[in-house]
Amino acid sequence: MRIRPLAAGAGLVALLALSACGGSGGSTSADRAPDPVGANQQPVRPSQAPSQQEDAEQDTATAQISTFALDVDTASYGYARRALQEGRWPAPAEIRPEEWVNAFRQDYAQPQDDGFAVHVDGAKLPSRDEAVLRVGLQTRASDAAGRRPANLTFVVDVSGSMAEPGRLDLVKTALLKLLDQLAPGDQVSIVSFSDEAQVLASMTPLTARAELREAIDELTVNGGTNLEGGLVTGYQEASKAFRPAATNRVILLSDGLANQGSTEWQAILDRVKEYAGRQVTLLTVGVGRDYGDELMEQLADNGDGMAVYVSSQEEADKIFATQLPANIELRARDAKAQVVFNPSVVESYQLIGYDNRALATEEFRDDSRDGGEIGPGHSVTALYSLRLKPGAKGQLAQATVRWQDPDTRNASEASKALQADELAPSVWDKAPVRLQVDVVVAAFAVYLRDRKAFGMDLPELGEQATRLAAASEDPMVSELVTLIGKAGAVG
């Protein structure tokens, strides 16, 4: 889809055509969704330039199926937010729009069981026969008191670059607070790495918190960044103490700037993927003004985990004192989504973000194909731009999510469909507030990457965000207003 001078509504479709994305959700169904029919959607490679991504719009006459692995990373938003707050324009290659959308609250209804609730809605745009579709996936939140025990191995970067304020000092404070939030049945080990890796505490029960606090106090900055050595040692410690009845996870805390050991990414990623196959998942926590964003994101994807970024004590407390204790468990392994569009209703579609998570159609039910790992209370959102056929009626699309039970590996699916007449008549006037917020967030992300957004400039984006901040009473939306203003000041 080519960018052309359009009104704001038509510009929305033009914007969404710049990127590719994934997500899904829905009410549980014991029946398999019907096998899709049609040509495979070709994945857009992350290395493609925006001009190449414009051509990724799919004509539903030949490719009515969108398939992708789920992802709950939010690091792209966190790192770009820091750059803007410091008066810098984020690097376009580090903007992943789906991570921006998934960083915001969605308020989807939760399922009653351990599967997924699937939500599908959308709205028409001011321009004729154009619309936005939202597919939302939600898991049930965890009861902290009833969750299974956890084995957590913290792998902490103590290389020279971590001496900068807001790096190792922030990590140490956050770890100490986390110890107070974990349960007596949990166990923790601590590995530090610089030129070499060192085990500061083998797997230790939380009943011995004093020993773990002493190990955290030993974390001091020194030397280079042998990230591979730290990860391998961390995984070895996690494997030695592996408990089948527990959640086993490695948590890497680093600026991601590997400069010793094997610095070839594929070698590191292969090691991480090997251990992920042994049911030891990975969480990457990024810190620092200079940050290896792409490596940390790829580590999380290959390690069956997620990537987050923190730049303040407030954010670290939110991750370590609130989110991590509540989301230690997994709800689903290898979760994938597939959206089948009705070619008699949808002329073409475009998915925003998830550029490196695209799958071929036949990989959706290939349970050997890697998907995303989703924890309790997580939501995943996918936005699509649609060009509708004039006067089209009937089913617009059906969204299906497929996942495996974390323990048994048994596969399940859930689906939900949307009819064309269920689209809200106007995205800015009649659509749910959360859908409008998602559209503005995605627009801002793509503007930062490509300097194009919904046919609107930054002042117009700021006006929409200001209106939505008042309507939602959400601090993050209020912060979005500030970030858009800062982008205008540095752009």
Subject >> Leu448 and Leu84, any side-chain heavy atoms less than 4.5 Å apart >> reply: yes
Subject >> Passing candidate, side-chain contact (heavy atoms from CB on, under 4.5 Å) with Leu423, options Leu125, Leu418, Val132, Asp121 >> reply: Leu418
Original post:
How far apart are the closest heavy atoms of Asp301 and Asp370, and which atoms are they?
Top reply: O-OD2, 3.9 Å
Original post:
Are Asp113 and Arg140 close enough for a salt bridge, meaning some N to O gap below 4.0 Å?
Top reply: no
Original post:
Can you tell if the side chain of Val280 reaches within under 4.5 Å of the side chain of Val250, non-hydrogen atoms only?
Top reply: yes
**OP:** Look at Arg333 together with Asp367 and state whether they make a salt bridge at an N to O cut-off of under 4.0 Å.
**Re:** no
Original post:
If you measure from the Lys or Arg side-chain nitrogens to the Asp or Glu carboxylate oxygens, is any gap between Glu329 and Arg148 under 4.0 Å?
Top reply: yes
**OP:** Could you tell me whether a side-chain N or O of Thr139 sits under 3.5 Å from a main-chain N or O of Gly377, the two making a donor and an acceptor?
**Re:** yes
Original post:
So, Asn248 side chain and Arg243 main chain: donor-acceptor pair closer than 3.5 Å or not?
Top reply: yes
**OP:** Determine, step by step, whether Asn151 and Gln187 satisfy the side-chain hydrogen bond (donor to acceptor under 3.5 Å, both in side chains) criterion, reporting the C-alpha distance in whole Å, the side-chain angles of both residues, the deciding distance to 0.1 Å, and the verdict.
**Re:** CA-CA 5 Å; Asn151 274 17; Gln187 298 185 140; 3.2 Å; yes
Original post:
Taking Gln181 for the side chain and Leu178 for the main chain, is one N or O donor matched with an acceptor at less than 3.5 Å?
Top reply: no
**OP:** Evaluate the criterion side-chain hydrogen bond (donor to acceptor under 3.5 Å, both in side chains) for residue pair Thr408 and Asn410; output intermediate values, then yes/no.
**Re:** CA-CA 5 Å; Thr408 67; Asn410 291 333; 3.2 Å; yes
Original post:
Side chains of Tyr77 and Val308: closer than 4.5 Å at any heavy-atom pair?
Top reply: no
Original post:
Nearest 0.5 Å, what's the CD-CZ distance between Gln313 and Phe320?
Top reply: 10.0 Å
**OP:** Kindly compute the distance separating CZ (Phe104) from CG (Leu480), expressed to the nearest 0.5 Å.
**Re:** 4.5 Å
Original post:
Taking NZ, NE, NH1 and NH2 as the nitrogens, is one of them in Asp355 or Arg96 under 4.0 Å from a carboxylate oxygen of the other?
Top reply: no
Subject >> Residue of the set Arg402, Arg369, Arg409 for which salt bridge (Lys or Arg N to Asp or Glu O under 4.0 Å) holds with Asp334 >> reply: Arg409
Original post:
Is the side chain of Asp450 donor-acceptor paired with the backbone N or O of Lys452 at a distance under 3.5 Å, no angle test?
Top reply: no
**OP:** Answer yes or no: is there a side-chain heavy-atom contact under 4.5 Å between Ile374 and Val72?
**Re:** yes
Original post:
Is any side-chain heavy atom of Leu299 closer than 4.5 Å to a side-chain heavy atom of Leu269?
Top reply: yes
Original post:
Should the pair Arg365-Glu413 be classified as a salt bridge under the 4.0 Å nitrogen-to-oxygen rule?
Top reply: yes
**OP:** Go through the side-chain N and O atoms of Asp304 and Gln279 and say whether any donor and acceptor fall under 3.5 Å apart.
**Re:** no
Original post:
Does the side chain of Val272 come within less than 4.5 Å of Leu231's, by heavy atoms?
Top reply: yes
**OP:** Write down the atom of Ser254, the atom of Gly256, and the distance for their closest heavy-atom approach.
**Re:** OG-N, 2.8 Å
**OP:** Report yes or no: do Thr67 and Gln338 form a side-chain donor-acceptor pair below 3.5 Å?
**Re:** yes
Original post:
If only atom types and distance count, is the side chain of Tyr354 paired as donor or acceptor with the main-chain N or O of Glu98 below 3.5 Å?
Top reply: no
**OP:** Take the angle between the ring planes of Tyr235 and Tyr275 and call it parallel below 30°, perpendicular above 60°, tilted in between.
**Re:** parallel
**OP:** Before accepting this row, confirm whether a basic side-chain N of the pair Glu94/Arg449 lies closer than 4.0 Å to the acidic partner's carboxylate O.
**Re:** no
Subject >> Mutual orientation of the aromatic rings belonging to Tyr108 and His119 [parallel < 30°, tilted 30-60°, perpendicular > 60°] >> reply: parallel
Subject >> Gap between atom CD of Gln106 and atom CG of Leu435 - 0.5 Å precision >> reply: 9.0 Å
**OP:** Please step through salt bridge (charged side-chain N to carboxylate O under 4.0 Å, His left out) for the pair Arg147 and Asp186, ending with a clear verdict.
**Re:** CA-CA 10 Å; Arg147 70 164 172 82; Asp186 298 332; 2.5 Å; yes
**OP:** Answer yes or no: is there a donor N or O on one side and an acceptor on the other, between the side chain of Lys336 and the main chain of Glu363, under 3.5 Å?
**Re:** yes
**OP:** Check the pair Arg467, Gln436 against side-chain hydrogen bond (donor to acceptor under 3.5 Å, both in side chains), reporting the backbone distance first and the verdict last.
**Re:** CA-CA 10 Å; Arg467 176 181 61 83; Gln436 295 183 53; 2.8 Å; yes
Original post:
Distance-only, no hydrogens or angles: does the Gln58 side chain make a donor-acceptor pair with backbone N or O of Ser66 under 3.5 Å?
Top reply: no
Subject >> Met476 backbone acceptor or donor facing Asp474 side chain under 3.5 Å >> reply: yes
**OP:** Decide, yes or no, whether a salt bridge links Glu274 with Arg278 under the criterion of side-chain N to carboxylate O below 4.0 Å.
**Re:** yes
Original post:
CD of Gln138 to CG of Asp107: how many Å apart, nearest 0.5 Å?
Top reply: 9.0 Å
Subject >> Heavy-atom side-chain contact between Val285 and Val171 under 4.5 Å >> reply: no
Original post:
Is the gap between the ring centers of Tyr384 and Phe341 under 6.0 Å?
Top reply: yes
**OP:** Determine, for Lys389 against Glu347, whether the closest basic-nitrogen to carboxylate-oxygen distance falls under 4.0 angstrom.
**Re:** no
Subject >> Any Met306 side-chain heavy atom under 4.5 Å of His378 side chain >> reply: yes
Subject >> Sidechain-backbone polar pair: Glu315 side chain, Ser311 backbone, donor-acceptor under 3.5 Å >> reply: yes
**OP:** Could you tell me whether a side-chain N or O of Gln419 sits under 3.5 Å from a main-chain N or O of Gln395, the two making a donor and an acceptor?
**Re:** yes
